[in-house]
Amino acid sequence: MKRMKRKTHWRTAGRAALAALLLTAAASLPAAAAQMEANPYESYNLIPGADDGSPAYIRPAFQVGRVVDGAGLGVGDFNEPNDVATGPDGCVYILDNALSRVVVLNAEYGLEDCLDAFTLDGEPVEFPTAEGIFVTQDNQILIADTENHRVLIAGRDQKVTGVLGLPDSELIPEDFQFLPTAVVKDRKGFTYVLSRGSYYGALVYSRDNSFFGFFGANLAESNLLSSLSKWVSNLFASEEMRAARVQSLPYQFTNLCIDSEDMLFSLTAETDSNTGQVRRLSPSGDNILTYTPFYRSVNADSFRFGDGYGYADLMGYYYSTAFTDLTVDDNGLIYVLDRTYGKIFLYDESCHSLSVFGAGFGDGTQAGTFVQPVALDTAGEDLVVLDKNKQTLTVFEPTEIGRLLSQAVKLNNEGEYEQALPLWEEIIRLDRNFTLAYSGIAKGLYVQGEYSQAMDYAKIGRDRNTYSMAFQEVRLEFLTANFLWIFLLIIALVGGIVFLAVYTSKKQVVLIRSPKARTMARCMTHPFDAFQRLRWKEEGSVPLACMLLLLYYLLSVFCVLKGGFMYFDVNLYTYDASYTLLTTVGLILLFTLVNGAVSTLQEGKGRYRHIFCVACYALIPKLLALVLQFFLSYALVPSESAIIDVFLQIADLWFYLLLFLGVMTVHEYSFGKTVKVLIFTVLGMALAGFVILLVLILFQDFSSFLVTVFEEASFRFRR
């Protein structure tokens, strides 16, 4: 009876627990459904690191507030709307160009006005192909009327008060076509116009609407390989071939915007290097937008905006990220719109990735997804995105994290790290995946003098700059408290080494009993004698050489994976040790094979095992340098990295010297012949590398061909 009661008791408890679980799940379904409806996409940011950023999924900084269309506003459907802008009064202006009208929304996104009767000198004005709109601080409406080759300047009364056309200037090329696609105006009264097909930059008009010149053009991308190829082509090309050659031109701007400080931002859809798509232009037209990859701020022309991921459909067509619009809010946050995938990328003024949201590489039927996104702008705290195909305006509202993030970034930009600290802590409480928040906390703790904690948070946030500053303070405290013991330890260590050297020299003590191991050790200090013994007394050891080569590879990997955070920061999920294997073991083996082949033609006396032993023995200085680099990476801050660089450079020079002397000794070459043989060896290695790469590419293509044939055969067989 007791057992039956006990079983009944457990069954009752189990049923109650199951019922509670089902009730909880049922209660959470509406909330989950509402969340999915508001955000039918994954939000993430890009973690900085050695692999140029990895996605970390986070809670959304923005969520869909509402979707506005013309029918809902009572003005009829939009017809291919092209652009959106926000006025100083908070109203949102939608360029419904196919109908030659501008629909104005109030701050609550209700209908404020429908401007569909623009006139110029009493005559109606139409702009069915206009592509850009901008609203100035005094509520002037600028419309880039593309196919009509003009920019219209009008007021809310719909009267066109000015027209910007093709300038009559010597600066304008004869074949220049004025097709304005975007227009902005700063507070000083200067107007900037983008013209389709122009790679000269933006056309600038002064306060009286007279042409001022071009501004901020992109530069034509070039590299060493392309420059060398062009030089070789020019060397052998005829005059007709040079005249017919296609000239490399810079990419044209896609869009423009102006921030609260009257600084012009330019956007380029895509570049050859997939970097530098967003630029902040100084008055001289130079890019002053920067980021900090390794302690030193560098120009953002080398920064890759977007996540760099592409997509290939079933037909094999590849779709890459292509930006179409950008805007900057009052807190300095940069919003960039990708027309391919419908994503919005959010950055701060230091190019830190804050959030990526939105979607649209499909039919874009859900709220927050797009088919053909063409424009975006901020409206107070909100972000509005215009979809030309869906003919809708999507309003994104900041979430709690989004509001905290905006405030915290603003305080960080102003240097108020301590005031931003509680905001970053609240962000971490809401979502522990916000990498930048850890960096913000580290900066706040550093200002408060909590250096050890600042180091911990900076490491999680991959902020090596803050980490190094905090480490410097911690190291100073440690050295101050323990200087006497450290000084005595160094004296004892140096004295012990000197005593051991003098004692072994006087007493003729042999520390290394094995002749082959002793020859290996002597090659660093007595290379001629050691390599002579290796060649004539056969005191070279292939197993010892293999051990050194393996140790060189393992130390190279170990330094990268376990070295000090201030110098090494690797994503363990993407790190590929095979590249290190090729640059260590692969190069030594390739040198051995090529040098053996070349020396055979040049009457060299050394054998392959002699060459291999020489190459591996020469690695000893590099091994010592790697060990020293590993320990110093935990002791020196980056501003002191010159010390590490000196040791590494000495080790490299020592390696090349030992390699040179070893080749000269085992092959019995003169100095001049050794130089010649080594030059041929390097050229042979380059040629062999090219052939190996070519074979790998052909093998990959052939494998893909076989897979395609197999899949096609399987498909036909199943049918």
A.B. asks: Are there more than 12 heavy atoms of other residues, nucleotides or ligands under 6.0 Å from atom CZ of Phe647?
C.D. replies: no
A.B. asks: Do side-chain atoms of Arg475 reach the backbone of Ala635 as a donor and acceptor pair under 3.5 angstrom?
C.D. replies: yes
A.B. asks: Would a distance-only check, ignoring hydrogens and angles, find a side-chain to backbone donor-acceptor pair under 3.5 Å from Tyr567 to Val637?
C.D. replies: yes
A.B. asks: What is the distance from atom CG of Leu549 to atom CG of Leu544, rounded to the nearest 0.5 Å?
C.D. replies: 12.5 Å
A.B. asks: In Å and rounded to the nearest 0.5 Å, what is the CG to CE distance from Asn465 to Met469?
C.D. replies: 5.0 Å
A.B. asks: Give the C-alpha distance, both sets of side-chain angles, the deciding distance and a yes or no for side chain to side chain contact (heavy atoms under 4.5 Å, CB included) between Leu687 and Leu683.
C.D. replies: CA-CA 6 Å; Leu687 180 61; Leu683 294 176; over 6 Å; no
A.B. asks: How far does OH of Tyr446 sit from CD of Glu473, to the nearest 0.5 angstrom?
C.D. replies: 4.5 Å
A.B. asks: How far apart are the C-alpha atoms of Lys443 and Tyr438, what are their side-chain angles, what is the distance that settles it, and do they pass the side chain to side chain donor-acceptor pair (under 3.5 Å) test?
C.D. replies: CA-CA 9 Å; Lys443 289 182 173 67; Tyr438 293 98; over 6 Å; no
A.B. asks: Do Leu601 and Phe680 have side chains that approach each other closer than 4.5 Å (heavy atoms only, starting at C-beta)?
C.D. replies: no
A.B. asks: When the ring centroid of Phe305 is compared with that of Tyr347, is the distance short of 6.0 Å?
C.D. replies: yes
A.B. asks: Ignoring hydrogens and angles, tell me if any N or O in the side chain of Asn433 forms a donor-acceptor pair with the backbone of Ala56 under 3.5 Å.
C.D. replies: no
A.B. asks: Any idea which heavy atoms bring Ser633 and Ile644 closest together, and the distance?
C.D. replies: N-CD1, 4.3 Å
A.B. asks: For Leu659 and Ala615, work out which heavy atoms get closest and say how close.
C.D. replies: CD1-CA, 3.8 Å
A.B. asks: Any side-chain donor paired with an acceptor under 3.5 Å for Tyr634 and Lys562?
C.D. replies: no
A.B. asks: Using ring pair (Phe, Tyr, Trp, His ring centres under 6.0 Å) as the criterion, list what pairs up with Phe565, not counting sequence neighbours.
C.D. replies: Tyr467
A.B. asks: Check whether any side-chain N or O of Ser599 sits under 3.5 Å from a backbone N or O of Gln602 as a donor-acceptor pair, and report yes or no.
C.D. replies: no
A.B. asks: Measure from the side-chain N and O atoms of Thr275 to the backbone N and O of Asp301, and report whether any donor-acceptor pair falls under 3.5 Å.
C.D. replies: yes
A.B. asks: Would you call Glu668 and Lys673 a salt bridge, taking side-chain N to carboxylate O under 4.0 Å as the test?
C.D. replies: no
A.B. asks: Provide the closest heavy-atom pair for Val663 versus Tyr669 in the form atom of the first, atom of the second, distance.
C.D. replies: O-CD1, 4.4 Å
A.B. asks: Using distance alone, with no hydrogens and no angle criterion, decide if Ser302 and Tyr291 have a side-chain donor and acceptor under 3.5 Å apart.
C.D. replies: yes
A.B. asks: Looking just at side-chain N and O atoms, do Asp286 and Ser284 make a donor-acceptor pair shorter than 3.5 Å?
C.D. replies: yes
A.B. asks: Report the distance from atom CG of Leu289 to atom CZ of Phe303, rounding to the nearest 0.5 Å.
C.D. replies: 9.0 Å
A.B. asks: For the pair Asn299 (side chain) and Thr290 (backbone), establish whether a donor and an acceptor sit closer than 3.5 Å, ignoring hydrogens and angles.
C.D. replies: no
A.B. asks: Determine whether more than 12 heavy atoms belonging to other residues, nucleotides or ligands lie under 6.0 Å from atom CZ of Phe214.
C.D. replies: yes
A.B. asks: With a 6.0 Å cut-off (strictly less than), is the heavy-atom count around OH of Tyr457, excluding the residue itself, greater than 12?
C.D. replies: no
A.B. asks: Calculate, to the nearest 0.5 Å, the distance between atoms CE and CG belonging to Met524 and Leu624 respectively.
C.D. replies: 5.0 Å
A.B. asks: Is a side-chain N or O of Thr583 found less than 3.5 angstrom from the main chain of Tyr579, in a donor-acceptor match?
C.D. replies: yes
A.B. asks: How far apart are the closest heavy atoms of Cys351 and Ala300, and which atoms are they?
C.D. replies: SG-CB, 4.1 Å
A.B. asks: Testing the basics here: between Gln252 and Thr268, what is the closest heavy-atom pair and its distance to 0.1 Å?
C.D. replies: O-CG2, 3.8 Å
A.B. asks: Is a donor from one side chain sitting under 3.5 angstrom from an acceptor on the other, for Ser353 and Asn45?
C.D. replies: no
A.B. asks: Within the 4.5 Å heavy-atom criterion, are Arg533 and Asp529 side-chain neighbours or not?
C.D. replies: yes
A.B. asks: Can any side-chain N or O of His667 pair as donor or acceptor with the backbone N or O of Gly606 at less than 3.5 Å?
C.D. replies: yes
A.B. asks: May I ask you to test the Val614-Phe531 pair for a side-chain heavy-atom distance under 4.5 Å?
C.D. replies: yes
A.B. asks: With sequence neighbours left out, which residue pairs that include part of residues 589-607 fulfil the salt bridge (charged side-chain N to carboxylate O under 4.0 Å, His left out) condition?
C.D. replies: none
A.B. asks: Would Phe671 and Phe660 count as a close aromatic pair, with their ring centres under 6.0 Å?
C.D. replies: yes
A.B. asks: Mark yes or no for whether Asn482, through its side chain, and Trp485, through its backbone, hold a donor-acceptor pair below 3.5 Å.
C.D. replies: no
A.B. asks: Heavy-atom distance under 4.5 Å between the side chains of Phe323 and Phe345, does that happen here?
C.D. replies: yes
A.B. asks: What are the two closest non-hydrogen atoms of Pro527 and Leu661, and how far apart are they?
C.D. replies: CG-CD1, 3.8 Å
A.B. asks: Does the side chain of Ser350 reach to within under 4.5 Å of the side chain of Thr292, using non-hydrogen atoms?
C.D. replies: no
A.B. asks: Looking at side-chain heavy atoms only, is the closest gap between Arg609 and Thr592 below 4.5 Å?
C.D. replies: no
A.B. asks: Can you tell me if NZ on Lys622 sees more than 12 non-hydrogen neighbours from other groups inside 6.0 Å?
C.D. replies: yes
A.B. asks: Name the one of Phe630, Tyr553, Phe568 that satisfies ring-ring contact (aromatic ring centres under 6.0 Å, His included) with Phe558?
C.D. replies: Phe630
A.B. asks: Just by modelled atom types, is the Leu281 backbone N or O under 3.5 Å from a matching donor or acceptor in the Asn287 side chain?
C.D. replies: no
A.B. asks: Taking C-beta and beyond as the side chain, do Met566 and Phe471 meet within less than 4.5 Å on heavy atoms?
C.D. replies: yes
A.B. asks: Using 0.5 Å steps for rounding, measure from the CG atom of Leu628 to the CG atom of Leu623.
C.D. replies: 12.5 Å
